[in-house]
There are 2 protein chains.
Amino acid sequence: MKSGANGYRRGAAGASMPNPPNAPVRLKDIAQDLNVSVMTVSKVVRGCADVGAQTRSRVLARIKELNYQPNWVARSLAARRTFIVGLVVPDLMNTFFAEIAKGVASAMRPLGYDVVICNSEEDASLEASEIERLLARQVDGLILASVQPPDAEEIFAKIEARGVPYVLVDRRVSRPSAPYVGADDEAIGRLATEHLIERGCRRIAHIAGPHHPAGVGRLKGYREALAAAGLKAVEEYVERAADDATGYQAARRLLSLDPVPDAIFGYNDPAAAGAMKAILEAGYRIPEQIKVVGAGNMHYSDLLRVPLSTVDQRSTGIGEQAAGILAKAITSKRRRAGGAILIEPTLVIRESSGGPLKST
Amino acid sequence: MKSGANGYRRGAAGASMPNPPNAPVRLKDIAQDLNVSVMTVSKVVRGCADVGAQTRSRVLARIKELNYQPNWVARSLAARRTFIVGLVVPDLMNTFFAEIAKGVASAMRPLGYDVVICNSEEDASLEASEIERLLARQVDGLILASVQPPDAEEIFAKIEARGVPYVLVDRRVSRPSAPYVGADDEAIGRLATEHLIERGCRRIAHIAGPHHPAGVGRLKGYREALAAAGLKAVEEYVERAADDATGYQAARRLLSLDPVPDAIFGYNDPAAAGAMKAILEAGYRIPEQIKVVGAGNMHYSDLLRVPLSTVDQRSTGIGEQAAGILAKAITSKRRRAGGAILIEPTLVIRESSGGPLKST
DNA sequence: GAGCGAAATGAAAGGGCTTTCATCGGCGGG
DNA sequence: CCCGCCGATGAAAGCCCTTTCATTTCGCTC
């Protein structure tokens with residue numbers, strides 16, 4: 001019963017079943033139709049130069065006619081490139097990251113790459129597993145806004161061992177060698193805090209992020225600015241949060257302190273927005289009694305309860321630039337993009353810190 | 001020079017180069033190490049039952065030791081399944097869709113599927129090309145919040161021709177046979193409009209969406225509600241928009257009309273949020289002079305300038321349910337999920353329409 | 001101790017494409 | 001008139017894994 005072993009797809013006979021109706025068209029089908037080799041068709045599909053003009057047009061015609069679509073899985077396997085890049089962000093609900101995703105996708109598309117977006121939900125282990133899946137899927141490159149705690153070498157070692165180029169965005173994990181696109185977090189922290197100091201605040205609280213570089217860096221900048229202004233850093237004035245819900249909670253705790261803060265700097269906009277909700281609920285006025293500043297300039301920040309002052313980091317640009325760097329790294333031999341692109345953070349002053357002109 | 005044809009990867013000699021340092025570990029490497037067949041290793045990896053306990057543990061040990069990761073591209077080709085499903089949404093910046101994405105991903109992950117999220121940016125042709133790429137990538141299924149105008153049969157015909165199961169979410173394209181998860185758009189339109197009528201509004205304007213089912217349906221519901229209440233439908237009171245920026249513009253036009261509307265129903269929350277910005281800028285008070293209602297209950301709606309009344313559609317649930325249906329369709333023989341799941345829309349009353357209790 | 005079925009293993013044949021390299025025919029130059 | 005070269009075409013060998021089905025080896029039953 002040897003013939004039984006023949007195999008899958010097409011009936012039973014041999015290698016020549018013409019076109020079992022429902023199966024997608026393959027290179028081979030076209031080649032047989034036209035009495036040319038699979039190679040020739042493949043070359044036409046890929047736009048190789050060494051195909052006769054006449055042959056080419058015959059093939060092209062048939063391709064259109066049969067509506068041939070290359071099978072990218074097979075192509076990826078053979079070519080050892082998938083033309084997929086992975087993007088891992090911690091929170092898609094924060095439009096700051098959605099915007100980065102948009103930037104990445106729109107920069108990658110014209111280069112022929114698809115972007116697979118993953119949401120790690122600020123969960124380091126979920127993130128790790130997402131990255132592993134992406135690697136298993138043989139992505140050509142990775143863009144990461146990482147959740148990883150500063151000491152998590154392992155994942156990056158794995159990526160590097162695989163030789164997959166990657167770019168860090170927004171969160172600069174402790175890999176000085178890795179390419180990075182984003183703002184200087186300490187500068188962000190300083191900028192926001194200095195602004196509040198200028199506006200006359202003296203009891204400035206901070207809702208810090210989780211223990212990733214962005215959180216840590218902004219906290220540091222905040223402390224530096226306080227120190228530079230000769231203000232005492234009150235330990236109780238620093239809370240932790242990750243998004244609007246936790247920011248709300250954090251702010252409630254801050255509001256229960258005895259000398260109530262006269263300003264809150266949220267490490268990102270959702271946290272600051274949540275804080276504003278808590279502040280208003282507690283009956284304080286923004287900005288008269290308590291001023292608020294966020295960071296990220298997320299899409300809805302100026303539509304919020306009180307339009308939110310924030311530190312802009314040009315999120316779409318981050319995505320595009322990261323994409324550019326990654327594309328270059330993928331193509332180059334060295335497969336390691338270099339250096340960091342530090343985005344100059346800029347203050348966007350809205351009502352939550354007293355508005356553009358008057359100073360308190 | 002026959003030997004030159006030998007091929008790629010591993011040096012030159014034969015099929016037995018042991019382990020060219022930098023290449024990823026393959027099934028074959030493990031098999032050779034252990035003197036078993038590739039098959040056996042493959043079975044262990046996939047958790048097949050018919051492997052001896054001892055062999056299994058030897059293999060497992062080696063897998064861990066060498067840190068073997070299956071190559072999903074090869075696996076997908078051989079198994080003719082990718083374990084990838086595609087999700088196409090019109091606007092990731094609208095957290096309503098980000099939430100759906102989250103729901104889909106979290107429901108699919110435990111089933112072993114990865115989700116590829118695509119943002120069509122409300123652009124029908126971009127959407128079409130994204131869907132084609134997903135098909136070319138051999139996705140196992142598709143979840144679509146489609147931008148397509150009602151007459152765009154072509155794409156769906158293509159999907160069906162490929163035999164790829166799909167589920168529609170939030171936007172019910174005119175394919176009565178296709179499975180759908182989302183709210184009844186006319187009900188949404190009615191609910192919002194009736195609420196505004198109850199609150200005493202008589203000149204209710206509507207910022208309608210683009211010409212997709214969600215936009216059309218909600219507009220229809222709005223008109224029905226007006227008619228039912230005996231209110232005249234003023235044609236100038238209907239504007240078009242897609243997001244907060246265009247919603248802002250639309251509202252400005254509405255505010256320039258002579259009898260200024262006393263209410264605006266935005267077909268989605270971003271549009272309504274943009275409208276609120278325009279209204280406040282023009283010096284009107286919300287809700288005293290103009291009331292506003294949106295739809296979708298997006299993540300930041302209650303943090304907005306004036307907390308936004310809206311029609312909730314349980315976005316996370318939509319994603320999860322769609323994922324469930326799709327997974328079933330993928331597994332089943334028929335490959336076509338059935339029926340629609342209509343989510344009961346519910347009103348969420350916040351300040352923008354006068355708050356929960358008092359009735360204007 | 002022959003016969004049976006189950007358990008464990010593996011051989012062979014692809015999946016649809018690309019890669020490398022050989023071949024073929026025809027042209028101009030020597 | 002033969003050589004070598006070029007453009008055009010194709011043959012063969014993979015990419016790494018799964019599928020189908022055959023084989024081998026046991027332990028049992030009767």
Side-chain angles (χ1 to χ4, degrees), chain A residues 1-12 14-15 17 20 23-32 34-56 58-59 68-83 136-138, chain B residues 1-12 14-15 17 20 23-32 34-56 58-59 68-83 136-138:
Chain A
M1 244 289 197
K2 198 71 158 296
S3 83
N6 142 297
Y8 313 115
R9 181 192 185 82
R10 327 225 149 197
M17 294 256 63
V25 188
R26 303 159 307 171
L27 281 188
K28 197 185 187 182
D29 299 320
I30 298 194
Q32 283 172 353
L34 261 42
N35 262 311
V36 296
S37 78
V38 171
M39 260 322 305
T40 306
V41 183
S42 168
K43 281 178 179 165
V44 171
V45 170
R46 280 173 299 145
C48 290
D50 61 347
V51 179
Q54 179 172 320
T55 315
R56 155 169 288 120
R58 285 206 312 147
V59 171
Y68 168 76
Q69 291 283 117
N71 178 330
W72 274 86
V73 172
R75 173 178 284 194
S76 299
L77 181 59
R80 257 104 17 93
R81 301 188 54 178
T82 53
F83 280 92
R137 298 268 189 205
Q138 314 292 120
Chain B
M1 243 295 195
K2 199 70 160 294
S3 83
N6 140 297
Y8 316 113
R9 183 195 185 79
R10 326 229 149 196
M17 293 256 64
V25 188
R26 304 160 307 170
L27 281 189
K28 198 186 188 181
D29 299 321
I30 298 193
Q32 284 173 351
L34 260 43
N35 261 312
V36 297
S37 77
V38 171
M39 263 321 306
T40 306
V41 182
S42 169
K43 281 177 179 166
V44 171
V45 170
R46 280 173 299 144
C48 290
D50 60 347
V51 178
Q54 179 173 320
T55 314
R56 154 167 290 121
R58 284 206 312 147
V59 172
Y68 169 76
Q69 290 284 116
N71 177 331
W72 274 86
V73 173
R75 173 178 286 192
S76 299
L77 180 60
R80 256 117 359 106
R81 300 188 56 178
T82 53
F83 280 91
R137 298 269 189 205
Q138 314 292 117

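Everything quoted here is computed from the prediction, not taken from an experiment. Proteins come first, then strands; the chains are lettered A, B, ... in the order of their sequence lines, and each starts at number 1.
In this structure, Arg26(A) places its CZ atom 10 Å from C1' of dG15(C), rounding to the nearest Å. In this structure, CD1 of Ile30(B) is placed 13 Å from P of dC16(D), rounded to the nearest angstrom. Between Leu27(A) atom CG and dT19(C) atom P there is a gap of 12 Å when expressed in whole angstrom units. If you measure from atom CG of Leu77(B) to atom P of dT18(D), you get 11 Å, rounded to the nearest angstrom. Atom CZ of Arg81(B) and atom P of dC16(D) are 23 Å apart (whole Å). The interatomic distance linking Phe83(B) (CZ) with dT18(D) (P) rounds to 11 Å, in whole Å. Between Arg75(B) atom CZ and dT18(D) atom P there is a gap of 5 Å when expressed in whole angstrom units. A straight line from NZ of Lys28(B) to C1' of dG10(C) spans 15 Å, rounded to a whole angstrom.
Listed for the Arg58(A) side chain is a donor-acceptor partner under 3.5 Å among the backbone atoms of Leu34(A).
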May I have the step-by-step check of side-chain contact (heavy atoms from CB on, under 4.5 Å) for Tyr68(B) and Val41(B), ending in yes or no?
CA-CA 11 Å; Tyr68(B) 169 76; Val41(B) 182; 6.0 Å; no
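Among residues two or more places apart in sequence or in another chain, the side-chain contact (heavy atoms from CB on, under 4.5 Å) test is passed with Val38(A) by Leu27(A), Lys28(A), Ala31(A). Judged as a side-chain contact (heavy atoms from CB on, under 4.5 Å), and not counting sequence neighbours, the contacts of Thr55(B) are Val36(B), Thr40(B), Val51(B), Val59(B). Applying the side-chain contact (heavy atoms from CB on, under 4.5 Å) criterion to Asn35(B), with sequence neighbours excluded, gives no partner residue.
For the pair Met39(B) and Ala74(A), both in contact range of DNA chain C, the more 5′-proximal nearest nucleotide belongs to Met39(B).
Rounding to the nearest 0.5 angstrom, the gap separating the CZ atom in Arg137(B) from the CD atom in Gln69(A) is 12.0 Å. The structure places CZ of Arg75(A) at 7.5 Å from OG of Ser42(A), a figure rounded to the nearest 0.5 Å.
Side-chain nitrogen and oxygen atoms of Arg80(B) include none within less than 4.0 Å of the OP1 or OP2 phosphate oxygen of dG15(C). For Tyr68(B), a side-chain nitrogen or oxygen approaches OP1 or OP2 of dC17(D) to under 4.0 Å.
The C1' atoms of five pairs define one axis at each end of the helix from dG1(C)-dC30(D) to dG30(C)-dC1(D), and these two axes lie 50° apart (to 10°).
Backbone-only engagement by Thr55(A) is indicated by non-hydrogen atom pairs under 4.0 Å involving sugar-phosphate atoms exclusively. Within the nucleic acid shown, Val73(B) has no heavy atom closer than 4.0 Å to any nucleic acid atom.
Contact check for Asn71(B) versus Arg26(B): no side-chain heavy atoms found under the 4.5 Å cut-off.
Here dT19(D) is the nucleotide among dC17(D), dT19(D), dT18(C) with the atom lying nearest to any side-chain atom of Ala79(B).
Every pair passing salt bridge (Lys or Arg N to Asp or Glu O under 4.0 Å) that includes a residue from residues 36-47 of chain A is listed here, sequence neighbours excluded: Lys43(A)-Asp50(A).
Near DNA chain D, meaning a heavy atom under 4.0 Å away, the residues from residues 40-54 of chain B are Ser42(B), Arg46(B).
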